[in-house]
Undergrad: 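Here's a structure for you.
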Amino acid sequence: MADDLSQISLTFPDGASRAFPAGTTPADVAASISPSLAKKAISATVDGAHWDLAWPIESDAEIAINTMKDLDPSLELIRHDLAHIMARAVQEIWPEVKVTIGPVIENGWYYDFDRAEPFTPEDLGQIEAKMKEIINRRDPVTTEVWDRERAVKYYEANNEPYKVELIEAIPGDQPIRMYWHGHWQDLCRGPHLQHTGQVPADAFKLMKVAGAYWRGDSNRPMLQRIYGVAFQNRQQLKNYLTFLEEAEKRDHRRLGREMELFHFQEEAPGMVFWHPNGWTIYRELEDYMRRKLSKAGYKEIKTPQVVDRKLWEASGHWDKYRENMFITEIDEEHANEKRINALKPMNCPCHVQVFNQGIKSYRDLPLRLAEFGSCHRYEAHGALHGLMRVRGFTQDDAHIFCTEDQIEQECASFISLLSDIYRDSGFAKFDIKLSTRPEVRVGSDEVWDKAEAALEKAILNIRNDFEIDPGEGAFYGPKLDFKLTDAIGREWQCGTFQADFNLPERLDATYIGQDGEKHRPVMLHRAILGSFERFIGILIENYAGRMPMWLAPRQVVVASIVSDADAFVLEAVQKLQHAGLRAEADIRNEKINYKVREHSVGKVPVILAVGQREVQDGTVTVRRLGEKQTQTVPLDQIVEELAREALPPDLAPE
RNA sequence: GCCGGCAUAGCUCAGCUGGUAGAGCGCGUGAUUUGUAAUCACGAUGUCGGGGGUUCGAAUCCCUCUGCCGGCACCA
């Protein structure tokens, strides 16, 4: 063994330390502990870094040996190695295909290939079969650190130009690691399993092929990306596939059709045709927002849809977003020139116009101008997606004109308002991200210091965890983004709060300060829902269409069991409607089973059934969505109960 | 915008290698008066996304446009 000078001390998770020769590998360490651990070991965690069993450790460190029982490292290795195994399978089938990169992602991995022919779904099956073959070969994984030039020459010789480019992008102080699975080779930073047979052959699946730009750059070649998912065992894979099916059932586009909420059609791509049911949800949400904003000290305004390009030139949007704006032209009778207007893509320039009317005093600040602002943006065809990404949408927009000193208070009130609204709409959890000053920006460093600190302090008033995204702020000011988590764990960025030192300048907004001089206000752009369209899409998916009472488009259906009950049904509906409920009668000549099924599928939260007995007793039999039991109660009682239940959260007594 | 796929009745989908369309649900009519997730019978579904071409003949093959789906890029 090596002498004392080249000894290092490794500390284990239980706190014990032992001396090892410098350059010892985790495999050596595992073997020194027990033969069974040596067998089970797959990788190590060394000072927090995921470490290949074959990588030498040169200095004192904390070490933990990982086995397949350690979820994160084992999934990481399985998915990582599958990416290579897939690339190898592809090259074994089609040797001319060029390989590029293949990282691990959530639930699996992808790998991008350059191939003239498109991959077909049948190809995926063939690749999968080949991958299983490779796994069964149990080829050992070996790792070598190569000299940079040698690696470049190697890839040049093998006609793998993408790999050459990748090597050139690796910082000079980092090793070029060459990995071999049997005869197949890839460039990779590792770590890896010890042989391909360690990957569970029945716990992965290739999911889809899609185009993807080389290095994410739309000016560079379009490659073909194959996505795969992988888990530790077959059951976990099955669970995941079931989860996907469940998520598909929540798809708001499907539910939108089934529940008759809205539709889209060719003549207006990306624009929503709201149907009565969907528009009911929209209006309930809008009414709720209007009350919340009004209570929070906002003044609601409405500004024009069609605005002369001059204003967009002044605001800077014409230069930057011209391509994405809907333009209207008009020949005015006595004008020399055609007048060019744009449908507003955002509300802020118009809000500044409202602010600029008359002279504002510091006493007017903060001035909070809110608008349910209907905006249009020409989004790329490929970007459209149901209600989630549309070309015509309505923001719950507002601009707060204030002084620098007021930013913190305004931000704090905003976050508290946003928390209320998210909670009321069913989202308990949300995350906050603070994006700070970018390289290129307007405004002095002092103002940025102040604004960033104000936003940070405002968050800390409410909670102590938030993420910082350095350099990702807008050029005009720092911003906060708010991401909520839905019922199946997906995250959606909805709210935003942005300080703006630029637009007031460009559009010359001023107020008279205490000193009698003109000053520039700061403008705070903020939204909570983002857009009504998208937020409703998120609500539909979050609730899987089973909206809470106050948002449900059809709240109660009163269904007759025999036609002798029809009169009582109509009476009940009238009482429910008088109590403010969205109630309807179902006195069709159908069995109660049929009616219950239809309204359950239609996601009506409450069905009241009326037969002979109920008519006699003045009662109804209540069945709630998703419950099998029923309960017979006096009509007047349930009317009162449901009316209370249907109150929007801000109007409901605590 | 880019890559790939798809487009048949209101919805979900079938229609093999070219011979002018079919099922279930829904809809309409009638019967049934029904007790908590589909009662029975009968009936009608349509410019096979639009345009052009090949062919004696096109839902089917080719071209093109549009839209949708999955990604990528974009998202003030």
Side-chain angles (χ1 to χ4, degrees), chain A residues 110 112-115 117-121 123 207-227 251 253-254 257-258 260 263-270 312 315-325 344-349 375 377-386 388-391 393 395 397 474-476 479 493 496 498 500 502-503 525 530-531 534 559-566 587-602 607-614 621-632:
Chain A
Y110 67 75
D112 289 348
F113 300 96
D114 186 6
R115 180 189 183 217
E117 292 285 297
F119 289 111
T120 65
D123 290 341
M207 302 298 283
K208 57 195 168 200
V209 192
Y213 296 109
W214 169 234
R215 314 219 88 184
D217 182 343
S218 57
N219 297 313
R220 311 208 59 187
M222 174 66 66
L223 306 171
Q224 295 187 65
R225 174 171 299 176
I226 302 179
Y227 286 90
D251 191 313
R253 293 166 300 186
R254 171 188 178 139
R257 194 171 45 239
E258 287 173 2
E260 294 176 74
H263 85 271
F264 291 91
Q265 67 185 50
E266 261 191 55
E267 289 79 358
W312 307 113
S315 69
H317 293 99
W318 190 265
D319 257 7
K320 221 173 161 181
Y321 294 109
R322 162 89 185 75
E323 295 289 294
N324 296 305
M325 287 162 74
K344 71 172 165 185
M346 56 182 348
N347 308 299
C348 17
C375 297
R377 295 179 186 175
Y378 183 81
E379 304 285 4
H381 296 90
L384 301 178
H385 181 93
M388 301 303 189
R389 188 81 181 268
V390 286
R391 287 182 177 157
F393 57 96
Q395 296 176 318
D397 202 6
F475 76 92
Y476 50 75
K479 63 172 181 175
Q493 202 219 292
T496 185
Q498 310 177 0
D500 185 349
N502 179 53
L503 204 58
H525 307 249
S531 95
R534 181 160 174 276
S560 57
I561 297 173
V562 293
S563 49
D564 286 345
D566 289 358
I587 53 174
R588 291 174 303 171
N589 178 8
E590 293 291 352
K591 290 191 161 189
I592 190 66
N593 291 290
Y594 181 88
K595 296 182 184 181
V596 165
R597 178 185 148 80
E598 188 171 291
H599 302 306
S600 299
V601 168
I607 298 171
L608 305 180
V610 181
Q612 244 15 298
R613 292 200 296 272
E614 287 82 359
T621 297
V622 186
R623 180 183 166 125
R624 299 205 174 242
L625 183 59
E627 291 177 14
K628 275 229 158 62
Q629 327 81 292
T630 60
Q631 202 190 358
T632 303

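Keep in mind that the numbers below use all heavy atoms, side chains included, and drop hydrogens, waters and symmetry copies. Throughout, a chain's letter reflects where its sequence line sits, starting with A, and its residues are numbered from 1. Since the structure is predicted, the reported quantities are computational estimates derived from the model, not experimental observations.
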Undergrad: Determine the Euclidean distance between corresponding C1' atoms of B:rG4 and B:rA41; express it in Å to zero decimal places.
TA: 48 Å
Undergrad: Could you verify whether a donor N or O on one side chain and an acceptor N or O on the other, from A:Q395 and A:N347, lie under 3.5 Å apart?
TA: yes
Undergrad: Please determine, for B:rC61, whether a Watson-Crick or G-U wobble partner exists with both distances under 3.5 Å, and give it or none.
TA: B:rG53
Undergrad: What distance, rounded to whole Å, do you find between the two C1' atoms, one in B:rA59 and one in B:rG50?
TA: 14 Å
Undergrad: Which part of the nucleic acid, if any, lies within reach of A:Q265 when heavy atoms closer than 4.0 Å are counted: base, sugar-phosphate only, or nothing?
TA: nothing
Undergrad: Let's test this: given Watson-Crick or G-U wobble pairing with both distances under 3.5 Å, identify the partner of B:rU17.
TA: none
Undergrad: Any strand counts, and the cut-off is 3.5 Å on both contacts for Watson-Crick or G-U wobble. Which nucleotide pairs with B:rC2?
TA: B:rG71
Undergrad: Taking the six-membered ring for Trp, does A:Y321 stack with B:rA76 (centroid gap under 5.5 Å, planes within less than 30°)?
TA: yes
Undergrad: Would you mind pulling out the nucleotide paired to B:rG10, Watson-Crick or G-U wobble, both distances under 3.5 Å?
TA: B:rC25
Undergrad: Does A:R220 put a side-chain nitrogen or oxygen below 4.0 Å from OP1 or OP2 of B:rC72?
TA: no
Undergrad: Can you tell me if A:H385 touches the phosphate of B:rG70, counting only side-chain N or O atoms and a distance under 4.0 Å to OP1 or OP2?
TA: yes
Undergrad: Given the P atoms of B:rG71 and B:rG49, what is the spacing between them in whole Å?
TA: 25 Å
Undergrad: OP1, OP2 of B:rA37 versus side-chain N and O of A:R623: anything below 4.0 Å?
TA: yes
